[in-house]
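Have a look at the structure below, then the notes.
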Amino acid sequence: MTFVIRPAAKADLPGIVAVDLAAARTSPANAGRFTSSIQAAIADPERLVLMAELSPNVAAGGGVAVVGWAKTHLWDFADGPAPAGHYLAGVTVLPDFRRRGLAGELTEARLNWIWQRANEAWYVVNARNQASLALHRGWGFREVARGPGFHTVTFDGGEGVLLSAARPLD
């Protein structure tokens, strides 16, 4: 099974929304707001939205099927211990395509994009999300702070973790 990872375009919005709905990351009631948010991110040159597709897909008439997506966010101001900078801002993979390395590929691609722009990458996650914490340790992410929220992100259970990683030396 081969995945193609590429920058998302406006035409990819329906597939990205479908993945988020199928993964229960977005509710149908919030789909419109989510679509607007992703559309703005795609249009912002200071951010990256990636999509992962399985191609060719017989079910899609020989076309492509979106199976995951991910994005970055640039905060241009600090919020307590969370500094201004480029942040990994989420990755979603369809449940049937998890545990195949796709989240890692999407993260690697986002980090390569960030490293072209900055010496440090940031990431916030729920303290209970051990799978995500373990995944990001592979890129050298280290804990910086814990708290109920960083920038606009709050956490179920009330505790999040702010992490950073330095750009690898060439």
Side-chain angles (χ1 to χ4, degrees), residues 1-75 86-118 121-126 128-141 151-156 160-161 163 165 167-168:
M1 193 169 306
T2 303
F3 300 106
V4 176
I5 296 174
R6 63 173 175 80
K10 186 176 178 181
D12 298 318
L13 282 168
I16 291 170
V17 173
V19 167
D20 238 54
L21 288 167
R25 298 279 307 258
T26 298
S27 70
N30 290 327
R33 188 177 73 192
F34 174 75
T35 301
S36 295
S37 170
I38 298 303
Q39 184 172 352
I42 289 170
D44 186 344
E46 297 295 328
R47 297 179 69 188
L48 175 66
V49 179
L50 294 173
M51 60 170 288
E53 56 193 16
L54 182 61
S55 178
N57 183 318
V58 175
V64 298
V66 179
V67 296
W69 72 277
K71 65 179 178 163
T72 67
H73 191 90
L74 175 64
W75 288 104
H86 286 279
Y87 284 71
L88 297 176
V91 60
T92 303
V93 175
L94 283 174
D96 289 348
F97 292 90
R98 292 181 184 159
R99 308 283 184 250
R100 299 179 190 204
L102 187 52
E105 289 182 42
L106 286 162
T107 300
E108 180 81 24
R110 289 179 298 156
L111 284 170
N112 287 336
W113 185 87
I114 289 172
W115 299 145
Q116 294 174 14
R117 291 155 178 78
W122 296 90
Y123 159 68
V124 297
V125 64
N126 190 306
R128 297 184 299 190
N129 192 338
Q130 293 301 309
S132 185
L133 287 164
L135 173 72
H136 289 82
R137 275 189 217 107
W139 288 282
F141 278 89
H151 291 288
T152 61
V153 181
T154 57
F155 305 95
D156 291 339
V161 183
L163 302 105
R167 178 173 36 168

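What you see below is based on every heavy atom in this structure, not just the backbone, and it leaves out hydrogens, waters and symmetry mates.
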Calculate, to the nearest 0.5 Å, the distance between atoms CG and CD1 belonging to Leu21 and Ile16 respectively.
12.0 Å
Do side-chain atoms of Asp156 reach the backbone of Asn126 as a donor and acceptor pair under 3.5 angstrom?
no
Could you list all the salt bridge (charged side-chain N to carboxylate O under 4.0 Å, His left out) pairs where at least one residue sits in residues 17-33, not counting sequence neighbours?
none
Mind jotting down which residue pairs meet the ring pair (Phe, Tyr, Trp, His ring centres under 6.0 Å) criterion with at least one end in residues 18-39? Sequence neighbours excluded, please.
Phe34-Trp69
Which residues pass the side chain to side chain donor-acceptor pair (under 3.5 Å) test with Ser27, sequence neighbours left out?
Asn30
Sequence-distant partners of Ala70, side chain to side chain contact (heavy atoms under 4.5 Å, CB included), two or more places apart:
Val91, Leu106, Arg110
Quick one: ring-ring contact (aromatic ring centres under 6.0 Å, His included) partners of His73, sequence neighbours excluded?
Trp75
With the side chain counted from C-beta on, respond yes when Arg6 and Asp12 share a heavy-atom pair under 4.5 Å apart, and no when they do not.
yes
If the condition is ring-ring contact (aromatic ring centres under 6.0 Å, His included), which residues does Trp113 pass it with, not counting sequence neighbours?
His86
Roughly how far apart are Thr26 OG1 and Ile38 CD1, rounded to 0.5 Å?
8.0 Å
What closest approach, in Å, do Ser37 and Lys71 show between heavy atoms, and which atom pair accounts for it?
OG-NZ, 4.4 Å
ring-ring contact (aromatic ring centres under 6.0 Å, His included) against Phe155, all qualifying residues, sequence neighbours excluded:
none
Hits for side chain to side chain contact (heavy atoms under 4.5 Å, CB included) against Pro95, two or more places apart or cross-chain, chain-then-number order -> Ala23, Arg98
N/O donor-acceptor pairs under 3.5 Å from side chains in residues 39-46, not counting sequence neighbours:
unit_1: Asp44; atom_1: OD1; unit_2: Glu46; atom_2: N; d: 2.8

Just jot down the side chain to side chain contact (heavy atoms under 4.5 Å, CB included) partners of Gln116, sequence neighbours excluded, or say none.
none
All side chain to side chain contact (heavy atoms under 4.5 Å, CB included) counterparts of Thr35, not counting sequence neighbours
Leu13, Val17
For the student: nearest non-hydrogen atoms of Leu135 and Ala103, plus distance
CD2-CB, 4.3 Å
What distance do Leu102 atom CG and Phe97 atom CZ have between them, rounded to the nearest 0.5 Å?
9.0 Å
Min side-chain heavy-atom separation Leu133-Leu163 under 4.5 Å:
yes
Pick one: which of Trp122, Phe141, Tyr87 meets ring pair (Phe, Tyr, Trp, His ring centres under 6.0 Å) with His136?
Phe141
Approximate separation, where rounding is to 0.5 Å, of Arg47 CZ and Leu74 CG:
9.0 Å
Rounded to the nearest 0.5 Å, what separation is found between the CH2 atom of Trp139 and the CD1 atom of Ile114?
11.5 Å
What pair of heavy atoms forms the shortest contact from Leu48 to Ala109, and how long is it?
CD2-O, 4.4 Å
